[in-house]
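The next block holds one structure in the form of C-alpha cells; read it before the comments.
Labels below follow one simple rule: chain letters A, B, ... track the order of the sequence lines, proteins then strands, and each chain is numbered from 1. These numbers come from a predicted model, not from an experiment.
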There are 2 protein chains.
Amino acid sequence: MGVNIQIQLNENLYIRDPQDTKLGRSIIQHSIHLIDEIGFEDFTFKKLAQRIHSTEASIYRYFENKHRLLVYLLCWYWEWMRYLIEVNTKNMTDPRKKLTIAISTIVDAALRDEAIDWVDEDVLYRIVVSESTKAYHTKKVDEENKKGFFLTYKSLSKTIAAIITEIKPDFQYPKALASTLLEMAKDHIFFAQHLPSLTDISNGNQEYSDAKELLRHFAFSILDGPASVS
Amino acid sequence: MGVNIQIQLNENLYIRDPQDTKLGRSIIQHSIHLIDEIGFEDFTFKKLAQRIHSTEASIYRYFENKHRLLVYLLCWYWEWMRYLIEVNTKNMTDPRKKLTIAISTIVDAALRDEAIDWVDEDVLYRIVVSESTKAYHTKKVDEENKKGFFLTYKSLSKTIAAIITEIKPDFQYPKALASTLLEMAKDHIFFAQHLPSLTDISNGNQEYSDAKELLRHFAFSILDGPASVS
DNA sequence: TGGAAAGCGATAGTATTCCTATCGCAATTG
DNA sequence: CAATTGCGATAGGAATACTATCGCTTTCCA
C-alpha cells in the first residue's frame, strides 16, 4: 500500500493515458531509466520497445513522439515537486522557513523517494537536470505553451514566488527569483558533476548540502539585501 | 576595413577551419540564420547545403556533425563576449563599475554589432539563448570537456568571477555567481519572450534594460547582502 | 454468457536523417 | 607545369521517425 498519490496531467500530452494500463506504466518506468542511461538524443521508441518486450507501434499508441514523452515526464516531476513543497510547508507560519523547506525539497529531489512504485524519482531528477531545458527550448514553445504543456512548471514556480512575496511583499522580482532558484538547482548540480569550474559547490556530497546552502545564501541575500543598490 | 578581429577556436571543433575559405565562412554565416529560423532540431546539413548552393558532403568536410557546428558557433560567441568584456572594462579601477559593464555587455549581445561581417552577432545571440544548453547537456559532456570544447565558456565565466572577487575578496561563491549571471541573462530573455509568467522583466523593451536591472539587482544584493544570512 | 470493444503484438513500408566513399574538374600553389 | 587543395556530383547504407493494417486475446457490460 503506502501513500496513494495520483498525478493527473494535461490530456494533450498523451494519446492514451499511460497511467491506465500496465503497458503505459511500463513505458513511463522504463523510459526514465533508458533516457537516463543513453541520453534523450539517442533514446528511441524502438530501443524502449525492445527493453520492455513490446513494439514501436504500441508505444506510439501512447505518445505522439519522444518529445511529448519527455514533456510528460517533466510535468510529472514538476507537479510532484509542487505537491511536495505544499505538503512540507503546510501549517508553517514563518515564510522564511517555508522558503528554506522549498529549497531543500527541490534539491532533495535528487534523492530516492518511494511515492509511486513505477516512477523512480531519483532517476527522474537526473533527467530533469540533464534534459529539462530541451522541453521548452524548441521552435514549438509558443504552440505547446498554448496547449498548456508548461502549466505545471509555471504552477511550481508560482508556488515558490508566493512564498517569496510572503517574505517581502514589496519585492520587485518574485517570479524571476522563483524560476532562478529552480534553474540554479539544476545548473549547479550539473556543473558540480561535469563542469566544476562553473560552480563553487562540490560533487562529493551525496545530499547536496552545498547546493542548498548556495541557494539559501543567494535567495536570502537578495531578499534581505540593502534597500538601495548602487 | 573596420575592426579586424580574428577569433581562434579549439582545433578539435572542426575538420577544416571554416575561417580559411569562402565556403567555410558561408557555412558559418548561413548556419546561424538557418538555425535561428528553423531551430537546431530541424536543422540539417542537407538543408544548409541547399541554401548555400553547395552539397552535404562539402559541409561534412568542415564539421563532423551538426552538434560540433553548434558548439563552434557558441564558442565563437563566448570568446567574443569575453573579449568585449575585457575591452569594455579596460583601464577601469572600480570593480563595481566593471561588473555593471560586464552585465550590460552580456545583455547587449542581443543587439546588432558589426565586428565581423560574416557573423551576425544579434542572430547568433538568439541561438545562444535558445540552443546553448544543448551544447553541454549531452551524454558526451565529459568527453567533449576533456577535448576543451567548453574552455571558452569557462574562460568567460572566469573573467566575470575575477571581477566579483575584486569586489568582495572573501565572497564564497564567485564562480557560481558568474555562471548564474550568464545563465540568467539567457533564461530571462527567453522567458520574457515565451513564458512570461516565469519572470518579472517585460518583452517590449528592445534594449532589455529590465534584464540588465534584474541582473544588477541580484548581483549587488548578493555581494552587498547582510554578512550573516539566517 | 455472448458479442462488442479495447489493448496490443506482428509485420510492412515510407520519408528523412546522418553519415561515408569515390570520382573528377577547377583553381591554387610552389 | 606538376602537384595539391577545394569542392561539386553522385551513390548508397544504416538508423530514425513515423503510419497503416491485421488479427489475436482480454475485458467489459447488457
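Taking side-chain N and O atoms only, A:Tyr62 has a distance below 4.0 Å to OP1 or OP2 of C:dC8. An OP1 or OP2 oxygen of C:dG9 is reached within less than 4.0 angstrom by a side-chain nitrogen or oxygen of A:Ser58. Side-chain nitrogen and oxygen atoms of B:Ser54 include at least one within less than 4.0 Å of the OP1 or OP2 phosphate oxygen of D:dG8.
With ring centers used as reference points, A:His194 lies 6.0 Å or more from B:Tyr136.
Residue pairs meeting the salt bridge (charged side-chain N to carboxylate O under 4.0 Å, His left out) criterion with at least one member in residues 57-66 of chain A, sequence neighbours excluded: A:Glu64-A:Arg68.
Put simply, CD1 on B:Ile15 is 14 Å from C1' on D:dC7, counting in whole angstrom units. For the pair A:Ile38 CD1 and D:dA15 P, the interatomic distance rounds to 14 Å; values are reported in whole Å. Rounded to whole angstrom, the span from the CZ atom of A:Phe40 across to the C1' atom of D:dT16 amounts to 13 Å.
Contacts of B:His30 classified as side chain to side chain contact (heavy atoms under 4.5 Å, CB included), with partners at least two apart in sequence or in another chain: B:Ser26, B:Leu48, B:Arg51, B:Ile52. Here A:Glu213 pairs with A:Arg216 under the side chain to side chain donor-acceptor pair (under 3.5 Å) rule; sequence neighbours left out. Residues forming a side chain to side chain donor-acceptor pair (under 3.5 Å) with A:Asp20 (at least two apart in sequence, or on another chain): none.
Residue-level contact check: B:Phe63 touches neither bases nor backbone, having no heavy atom under 4.0 Å from any strand.
Evaluated for a side chain to side chain contact (heavy atoms under 4.5 Å, CB included) with A:Tyr62, the options A:Ile28, A:Thr21, A:Leu69 yield exactly one hit, A:Thr21.
The nucleotide whose nearest atom lies closest to any side-chain atom of B:Arg16 is, among C:dG9, D:dA9, D:dC7, D:dC7.
Between the side chains of B:Lys154 and B:Asn145, at least one donor-acceptor pair of N or O atoms lies under 3.5 Å. Side-chain N/O atoms of A:Ser132 and A:Lys186 include a donor and acceptor closer than 3.5 Å.
Salt-bridge formation is detected for the pair B:Glu41/B:Lys134: a Lys NZ or Arg NE/NH1/NH2 atom is positioned less than 4.0 Å from an Asp or Glu carboxylate oxygen.
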* To do: If a protein heavy atom is under 4.0 Å from the base, mark B; if only from the sugar-phosphate, S; if neither, -; do that for nucleotides 15-28 of chain C going 5' to 3'.
  => --SBBBBB------

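Listed by residue number, the members of residues 21-36 of chain A with any heavy atom below 4.0 angstrom from DNA chain C are A:Thr21, A:Leu23.
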